[in-house]
Amino acid sequence: MSQRNPEFQRQLWLNWRPSLLAWSLGLSLLILALPFALSSAKGLPGTLSMTAIAGLYLAAIIYGSVLAGRSLAEEASQNTWDWQRLSVLTPWQMAWGKLLGATLPAWLYVLWFALAVAGVTHFWALEPLKLQHTIGLAVIWGLGLQTWAMNSVLMSWGLRDRPINRRRAALLPLLILFFAPGPFIDHVYKGMVDIDAEPVFWWGLNVGGLGLAYLAGVLVLGLGLLALWRQLCTRLDVRTLPWAWPLGLALTGFFAAGSLNLGIAEFFSSTAWIALIGTAYVALQHMDQHLRAWRQVQWSASRQRWREALEALPLWPVSLLLGFAMALLLLFAPQSLEAAISGKLNSFTFYLCLHLLRDCLLLTGFALLAGRLKSPLASFVIAWLILNIAAPLLAYGMGGYTGAMFVQPVVAMWMSSPDGIEQAGAWLSYVPWASLSLQILVTLAWVIHVFRDRVLGFARDNAAAHIRES
């Protein structure tokens with residue numbers, strides 16, 4: 001691999017030295033010697049095996065994630081990222097080269113602790129411990145969280161031509177570490193030590209607790225690689241269509257729906273909600289880049305370069321379109337859920353899509369005003385709080401549920417009881433559509449006005465300047 005991947009060869013040159021074998025082996029043996037000094041002879045096998053397993057997972061997940069994230073953070077701190085952008089490395093070469101090369105010291109510790117687990121299991125004949133699953137899950141989850149450590153560093157950078165090293169980016173893989181494996185720990189433990197463990201279904205198949213943990217690990221790894229490739233494409237100025245983002249959302253929805261085991265309607269519902277959450281996140285995350293992105297879209301479209309326009313398009317319209325598609329499919333496929341609940345839930349999902357469309361348009365308008373407003377994000381937050389909290393509460397206090405429904409239907413649905421909805425009358429079911437449609441049209445008109453000034457006006461000024469210079 002080192003001959004085909006220059007980045008992997010570079011990482012080996014930076015991280016590998018023969019003394020690393022001796023140091024890693026010596027430290028591993030020192031850690032494994034602690035149970036001999038601190039535990040009794042009767043409890044030694046269990047304590048030693050738990051120590052080896054803890055070292056295995058800490059080396060693969062914690063230490064490996066730190067090394068993987070540091071390999072990218074050092075590019076920014078040492079001002080070597082411009083050289084990477086000028087090289088002929090592809091995003092995949094960059095991703096795999098850093099993922100496997102920079103984490104080499106961590107995998108040496110994984111090797112020593114895996115051998116220790118195998119030795120303890122064989123010597124003391126610990127039947128309940130399934131060796132292959134212990135090591136396999138550590139490798140899969142370790143690689144997955146290492147990719148997200150690299151993603152967290154890339155997401156913490158500023159504009160693609162001004163990377164910034166921010167150490168708080170390490171919080172993202174730590175959050176995933178503490179929360180993502182949570183639902184699987186109990187099932188995994190029972191799957192390893194209990195032969196008669198309760199069945200765990202995924203899309204109707206009894207995969208067991210171990211199977212679900214493997215599926216979740218593969219999902220985390222796959223999504224991490226997909227996100228890493230997409231971000232490196234942006235950072236290395238490699239143009240690509242925005243297909244990776246909706247694909248990742250759809251795969252997450254597919255996995256979540258399979259875990260709930262409620263049919264195809266649950267896939268539509270899960271994907272719609274995940275797409276909406278992703279839309280809100282990516283719109284806020286990339287708010288400082290919206291003005292430049294929409295100017296690039298306008299420039300490409302004016303020259304009928306439609307592929308370049310799609311490549312420059314911000315990601316929030318893509319994921320919001322996926323959410324709308326899933327919400328529409330959900331409206332026509334309610335039969336797998338109880339009709340009394342699914343009808344209202346499905347309609348609420350579509351209302352939420354309309355609500356988020358209005359908020360994203362509002363955010364885009366403030367983002368286009370960058371340079372004229374001191375803080376577009378603060379201005380957006382104030383407007384959002386007024387529209388989504390202050391105005392609905394004021395309307396609710398003056399006109400009750402009906403008044404809140406006219407001002408903010410989605411928030412009014414959360415504030416009301418089912419009896420209040422039935423007493424308000426059937427005619428009120430048309431109010432959310434009318435209210436949200438009117439708010440979207442008003443917001444869209446304002447965004448078009450700002451777009452004509454900040455994007456089309458910018459293009460006219462550039463064209464006029466070019467004519468004067470020529």
Side-chain angles (χ1 to χ4, degrees), residues 85 91 154-155 157-163 226-227 229-250 275-276 278-325 353-354 356-373 375-377 379-380 383-384 440-467:
R85 293 173 60 190
L154 290 174
M155 284 187 285
W157 286 359
L159 299 176
R160 61 184 179 182
D161 55 346
R162 296 199 303 269
L226 194 64
W229 172 81
R230 182 64 179 84
Q231 291 199 85
L232 286 174
C233 283
T234 302
R235 297 292 174 179
L236 296 174
D237 296 326
V238 177
R239 297 184 180 275
T240 180
L241 293 174
W243 57 267
W245 174 243
L247 176 61
L249 297 175
L276 295 180
T279 300
Y281 168 75
V282 78
L284 290 170
Q285 173 73 12
H286 298 152
M287 185 176 180
D288 59 343
Q289 304 177 24
H290 284 185
L291 178 58
R292 186 172 67 171
W294 285 113
R295 284 175 174 175
Q296 180 64 36
V297 170
Q298 184 274 332
W299 184 87
S300 301
S302 65
R303 287 157 178 76
Q304 296 184 353
R305 300 178 181 178
W306 305 113
R307 181 183 175 88
E308 293 183 6
L310 288 176
E311 291 171 349
L313 189 70
L315 290 177
W316 74 258
V318 181
S319 54
L320 185 59
L321 183 62
L322 175 65
F324 267 109
C353 290
L354 294 173
L356 190 59
L357 173 60
R358 187 212 63 186
D359 286 349
C360 287
L361 288 174
L362 189 68
L363 181 143
T364 300
F366 282 108
L368 294 179
L369 290 173
R372 294 189 177 179
L373 296 176
S375 176
L377 179 59
S379 302
F380 165 73
W384 187 90
I440 289 172
L441 289 175
V442 172
T443 309
L444 181 61
W446 174 67
V447 172
I448 291 175
H449 172 73
V450 177
F451 185 87
R452 292 177 61 184
D453 180 33
R454 300 288 289 160
V455 178
L456 298 181
F458 178 80
R460 286 194 301 267
D461 293 342
N462 281 347
H466 181 72
I467 291 175

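Everything numeric here is computed off the predicted structure, so don't read it as measured data.
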Which donor-acceptor pairs under 3.5 Å do side chains of residues 441-450 form with protein atoms, sequence neighbours excluded?
from   : atom 1 : to     : atom 2 : distance (Å)
Thr443 : OG1    : Gln439 : O      : 2.7

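- Among all heavy-atom pairs drawn from Gln285 and Met155, the shortest one is NE2-O, 2.7 Å.
- Judged as a side-chain hydrogen bond (donor to acceptor under 3.5 Å, both in side chains), and not counting sequence neighbours, the contacts of Thr279 are Ser319.
- Side-chain N or O atoms of Arg305 include none that pairs as donor or acceptor with a backbone N or O of Trp299 at under 3.5 Å.
- Nearest heavy atom pair, residue Leu315 against residue Pro242, reads CD2-CB, 3.8 Å.
- The distance from the CG atom of Leu354 to the CZ atom of Phe324 is 4.5 Å, given to the nearest 0.5 Å.
- Between the side chain of Arg235 and the backbone N or O of Leu154, at least one donor-acceptor pair lies under 3.5 Å.
- Between the CG atom in Leu362 and the CG atom in Leu357 there is a gap of 11.0 Å [rounded to 0.5 Å].
- Taking CG from Leu363 and CE from Met287, the interatomic distance works out to 4.0 Å, rounded to the nearest 0.5 Å.
- Within the 4.5 Å cutoff, the side chain of Glu308 has no heavy atoms near those of the Arg303 side chain.
- Using a 4.5 Å heavy-atom cutoff, the side chains of His290 and His286 are in contact.
- Contact record, Leu373 with Ser379: CD1-OG, 3.9 Å, taken as the closest heavy-atom pair.
- With contacts defined as side-chain heavy-atom distances shorter than 4.5 Å, the pair Gln296/Glu311 does not qualify.
- The nearest pair of heavy atoms linking Pro91 to Cys233 is CG-SG, 3.5 Å.
- The shortest non-hydrogen separation linking Pro314 to Ala293 is CG-CB, 3.9 Å.
- Atom CG of Leu291 is separated from atom OG1 of Thr364 by 11.0 Å, given to the nearest 0.5 angstrom.
- Side-chain atoms of Leu226 and Trp245, non-hydrogen and from C-beta on, never get closer than 4.5 Å to each other.
- Remark: Leu368 CG to Arg292 CZ distance equals 14.0 Å, nearest 0.5 Å.
- Formation of a donor-acceptor pair under 3.5 Å by the Arg307 side chain with backbone atoms of Leu241 is not found in this model.
- Atom CG of Leu284 is separated from atom CG of Leu377 by 7.0 Å, given to the nearest 0.5 angstrom.
- Residues Val297 and Ala309 come closest through the heavy atom pair CG2-O, 3.6 Å.
- Relative ring orientation between Phe451 and Trp294 is described as perpendicular, the plane-to-plane angle rising above 60° on a 0-90° scale split at 30° and 60°.
- Using a 4.5 Å heavy-atom threshold, the side chains of Arg230 and Thr234 count as touching.
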